[in-house]
Every structure is written in C-alpha cells, then in structure tokens.
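What follows is one structure encoded as structure tokens, with my remarks underneath.
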There are 2 protein chains.
Amino acid sequence: MPRKPLKGDVAADEAVYGAIRRAMHMGRLAPGTKLQEPALARVLGVSRERVRKALHRLVHEGWLTAIPNRGTFVPTLTVEEMREIYDVRSMLEAAIVRRLSEGHTAAAAKRLKAHVTEEKVATRRDDRGRLFELSGEFHVLLAELCGNDELTRLLRGLLTRSTMHFSIAAPQQLTNCAGPHDHGDIAEAILGGRADKAAKLMLGHLAGLVTLQASRAPERQSTDLEEAFRGIKARQTKTGAPQGARSN
Amino acid sequence: MPRKPLKGDVAADEAVYGAIRRAMHMGRLAPGTKLQEPALARVLGVSRERVRKALHRLVHEGWLTAIPNRGTFVPTLTVEEMREIYDVRSMLEAAIVRRLSEGHTAAAAKRLKAHVTEEKVATRRDDRGRLFELSGEFHVLLAELCGNDELTRLLRGLLTRSTMHFSIAAPQQLTNCAGPHDHGDIAEAILGGRADKAAKLMLGHLAGLVTLQASRAPERQSTDLEEAFRGIKARQTKTGAPQGARSN
DNA sequence: TGGTAAAATTATGTGCACATTACGTCAAGA
DNA sequence: TCTTGACGTAATGTGCACATAATTTTACCA
C-alpha cells in the first residue's frame, strides 16, 4: 500500500475529544456526571483506550476532574472558583485592553472592527449560536492582537473553563456576554486610545458576566450517556466497522 | 495484607514525573534532547507505560514537546517565547502587587515580612540553592496572598517554565532573581500601600530577569540519559527486579 | 424489620504484545 | 564520487488481557 489515510489516527483522537467537548458545550452533561469509559467507548464506537486518552487530556485541560480509582467526572464549579477565574481574567484582560489602547497596528484595528461588525450582524439576525461563538472569540481576539501566543493560550483556557459552566447552566437561552454592545464600546475605547476607559469597561463587562452566571442555578440535566451523545458522533461514519465490536 | 502502601501506585507516577522534572531543573538535559521511552524506563527502573504517562503529562504542562511518531524532546525555548512568558507575568504580577498594596490582612503582612527575612538570611549565608528556591517562592507567595487558587496555579506554571530555562542555561552559578534586595523593596512598597511604586518595581524586576536570561547562551550539556539521571532515582530501589529489562 | 458484613460485579489501572512508522545503512546506477 | 532507492532496525502508538479497587446487592443476624 503506497499511501494510507491514517497517520497515527490522530484524527480519531481529535474526534473523540471533540465529541465529549461538544457534548459538554451543548449542555448535555450535568455537573457531577460520571463519564464511564466502557459506556463512552460503546456509545462513540471507539476503543476504550482512545476514550481514556481523550479523558486524560480533558482532565489536564481542566474540563473534567479525575479521582484516582474512582473515575472521571464533570466538574461542579463552585461560585467561588468561578469568581476566581473571572478575577484572573480581569487582571489579564484589563492589561490587554490597556496595551492595545496605547498602541496597535492598522491590521489589528481592522480585525477588531470586522469582529464587532460580525457580532452586530449576528445580533440583528438573532443567531444565538453564532453570537455565543463570537462573544467568546472576542476576548481571544484581543489577546491575539497583542501578538503574544502564550497569553492567547492562557486566556483561551480560562475562557473555555468559564464559558463551559455557562453553557452547562443554561445552554439554550443564553448570550455569552452580558450585552453585545459591550464589546462594541470596548473596541471603540481601544481604537480611540482611551486606555483607562477601555480597562474600566472591560472590568465592568466581566463583572456583569460573573453576576449573570451566579444568578443562574444549574438545573438538572440528563445523566444518560446514550441520550447525551445522541447526534454527536466521534467520526462521521468514516470507517464502516468500528473496532468497538469486540469478540468476547 | 491489611494495609498496602500502594494506592493505585500514584506515588510511582509522581516519582517518575519528579525525576524527569528534577533532571531538567538541575540542568542535566540539554534543549533538544530526545527522551526515548525504553531508555528512560531502563534507567529509572520502571515500566515503559509509566514513563509514557509521565512524558504525556510533562508535554501537557509545557515542559516537553512531543512530535507524533517521532518522540518527546526537551523544548528549545526561543528568546521570543521567553519574552512572552515574562510579558504575561508582568501583566499578572503588576495587578497582584497593586491589589496587595491596596489592601491586605495582617497575616499576609506577617508572611511577607517573614519571607523577606528568610531571603536575607540565605543571602548572608551565601546559600545559593536556598536562595534560588526562595526567589521563586516569593512570586508564588504574592499570588497566594491574593487568596485566589486559580491565580496561584497559573502563576506557578509560568514561573516554573521560565525558571526551567533559567536553570538549564546556567544551573550552578545563578541567583534566581536579579537582585535579592528587589524583593525587599517590592515588599516594602506593598506594606506601605504604595501601589504604583510596587507595580513599577515589579515591572522593573521582571524586566531585569528577562535581560539577565537573554544574555546567557545555553551551553552544551550531556545528552546521555544514563549520565543525566545519575543520582536521580524514581524510587529508592523499592522494586529489586524492574520489568524494564526486556528479552530482546 | 433494620443494620451490618461479605461476596459478586463492575470499572479503573497497568503490564504486554503487536502493528505501524520513521530513521539509518548499504548498495547500485549514473 | 555523488545521488537515489530499498532494506533492516528501532522506536512509537495502540489494542488487549489481567490485577486491583470500589460499589452494589444480598444474605444473615440482632
């Protein structure tokens, strides 16, 4: 065989990882849910080892929590922990908008304007899913415009962890950020070079988010893995015969 | 057996992880060194799977870099990457000292004073090893005094990554922070409630560190794993017959 | 009838063997 | 002599089976 499409099957790993991540993002998995490896392997149609690797990765990234010899669970974010995450975000993002206000390239300004425009379009169309996505990307975009990859990675991790709990709490009827116009105001302050105002707006924005999240009580979700992963397949029926069908 | 010391052998995992981490911290492993799993397993006297798990964890935490189907390597920190890390640290630590300056408990002031005193003692005794340790802990201590665990974890990760390259570059003859009295000045500004001065001192302190590191060129180290891990054992000859000795 | 203890079952964790892939070496042709 | 191709070796990645630990169920005793 000259060429084979599978190069270490890193795609399969990514698929399993993405499937679990997507299920959490869609609010299918309630906090405290135990993710059993055999059940997940059966539902997703992959081997248990692949599920194990994906779970380990998710644990390392903070999406899940593992208890030795007990299993892997969807974390139950305390109000205190959430407040801490937003506290760190406040430190970083205030510094970010300050720096961008004090100086940025023309290309950065262009990207920022384009993003705000896109958010306005999504708001006008009432496209909640797209707006949710864009709202998160806004904060990552600001980090990216600083040109610091380390900063971007760090902030993205914090953001995913906070929005995760957000989407778990009330997935269907939420806007990721308090007011969509907040982002526009912040961008305007940055582009106008008003560092203090931009930082103040950002701090108020984040404070609004944390109160918004704290107000929502996480309602009970389905804990049945079979139902939780309905429609969320690891791979799009790429391989007809998954090796999940064991001989024993 | 009523009680067994091994509870899932999480201790062994930690030992292997710590051994590799210690070897890096001691500057035994040169940047670019390939960490082969069989060789590591043979040297440390543990199974290959345990080495694999430790390597995966180290990769996730940013200590090592993995290339699919190629192996795991000691990362070669670019000057740019190092600058980025210190940039993020500047953002966080400036906010930290500002917050502490604006208000802190009496217990916090006590811990801070005690640490500065301890550093002075180590400096007077010319105890480089202890001073290196204390210098790193100073920055973690400031994060801890904010009472934010998330912040502490994040900053500790950044600090270990930056000091890692530090110790790799020149392990024997370094002081972790530019001037030991810097910490004393910063602490004094915090205790005096002078937020702007404390932030300014911290920024200058970190800027001094990054220039200090950039000036040192990483000299060539030993790439022989056998020699690199001499004296650094995972477990203290607990298991007499390691299963790392394979038949082939 | 309620509580406790023991056994069975289920799930996690780990060692092992094999498949696949990349790297080094040697030989043949230009 | 240099380049290119193929072959052999070694390391990584993954599926599999067993050992260990925890949970649940059941049975027995108070």
Side-chain angles (χ1 to χ4, degrees), chain A residues 1-17 32-60 64-74 223 225 234-235 239 241-248, chain B residues 1-17 32-60 64-73 223 225 234-235 238-239 241-248:
Chain A
M1 302 176 191
R3 62 186 64 187
K4 274 192 286 190
L6 51 99
K7 44 186 182 303
D9 250 6
V10 66
D13 286 338
E14 203 67 25
V16 174
Y17 170 84
T33 302
K34 183 178 181 181
L35 295 178
Q36 303 181 102
E37 297 170 359
L40 266 179
R42 187 177 54 250
V43 169
L44 295 177
V46 296
S47 68
R48 193 167 74 95
E49 285 69 26
R50 194 146 286 176
V51 173
R52 280 179 66 81
K53 206 200 307 191
L55 289 180
H56 279 104
R57 180 180 169 189
L58 288 163
V59 167
H60 264 301
L64 301 174
T65 43
I67 305 176
N69 296 327
R70 292 287 298 277
T72 311
F73 301 85
V74 178
T223 57
L225 294 182
R235 49 175 60 194
T239 57
Q243 57 261 34
R246 310 253 290 277
S247 58
N248 63 334
Chain B
M1 303 175 188
R3 62 187 63 187
K4 276 190 286 187
L6 51 98
K7 43 186 180 302
D9 250 5
V10 66
D13 287 337
E14 204 67 25
V16 175
Y17 169 84
T33 302
K34 182 178 180 180
L35 296 177
Q36 302 181 98
E37 296 171 359
L40 265 179
R42 186 177 55 247
V43 170
L44 294 176
V46 296
S47 68
R48 191 168 77 96
E49 284 68 27
R50 195 146 284 174
V51 173
R52 280 178 65 81
K53 202 186 338 181
L55 290 180
H56 279 97
R57 179 180 171 188
L58 288 163
V59 167
H60 259 305
L64 301 174
T65 44
I67 304 176
N69 295 329
R70 291 285 298 275
T72 310
F73 301 86
T223 58
L225 294 180
R235 48 175 61 195
K238 184 66 170 301
T239 57
Q243 55 262 31
R246 307 256 291 280
S247 58
N248 60 335

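Proteins come first, then strands; the chains are lettered A, B, ... in the order of their sequence lines, and each starts at number 1.
- When all heavy atoms of B:V51 and B:V16 are compared, the closest pair comes out as CA-CG1, 4.3 Å.
- Here OG1 of B:T72 is found 4.5 Å from CG of B:L55. Values are rounded to the nearest 0.5 Å.
- Scanning both residues, A:E14 and A:R57, for their nearest heavy atoms gives OE1-NH1, 3.3 Å.
- When rounded to the nearest whole Å, the span between NZ of A:K53 and P of C:dG13 equals 17 Å.
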Report, one pair per line, the protein and nucleotides 8-12 of chain C atoms (nitrogen or oxygen only) whose separation is under 3.5 Å.
{"from": "C:dT12", "atom 1": "OP1", "to": "A:E37", "atom 2": "N", "distance (Å)": "3.4"}
{"from": "C:dT12", "atom 1": "OP2", "to": "A:E37", "atom 2": "N", "distance (Å)": "3.4"}

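- One interatomic measurement links the two molecules: CD of B:E49 to P of D:dG15, which rounds to 14 Å at whole-angstrom precision.
- In this structure, B:S47 does not reach the C:dT14 phosphate: none of its side-chain N or O atoms is under 4.0 Å from OP1 or OP2.
- Taking the side chain to side chain donor-acceptor pair (under 3.5 Å) definition, one finds that B:E37 meets it with B:R48, B:R52, sequence neighbours left out.
- Between A:R57 atom CZ and D:dT14 atom P there is a gap of 13 Å when expressed in whole angstrom units.
- Here B:L64 contributes atom CG and B:L58 contributes atom CG; the two are 5.0 Å apart, rounded to the nearest 0.5 Å.
- Between the CZ atom of A:R50 and the P atom of D:dG13 there is a distance of 12 Å, given to the nearest Å.
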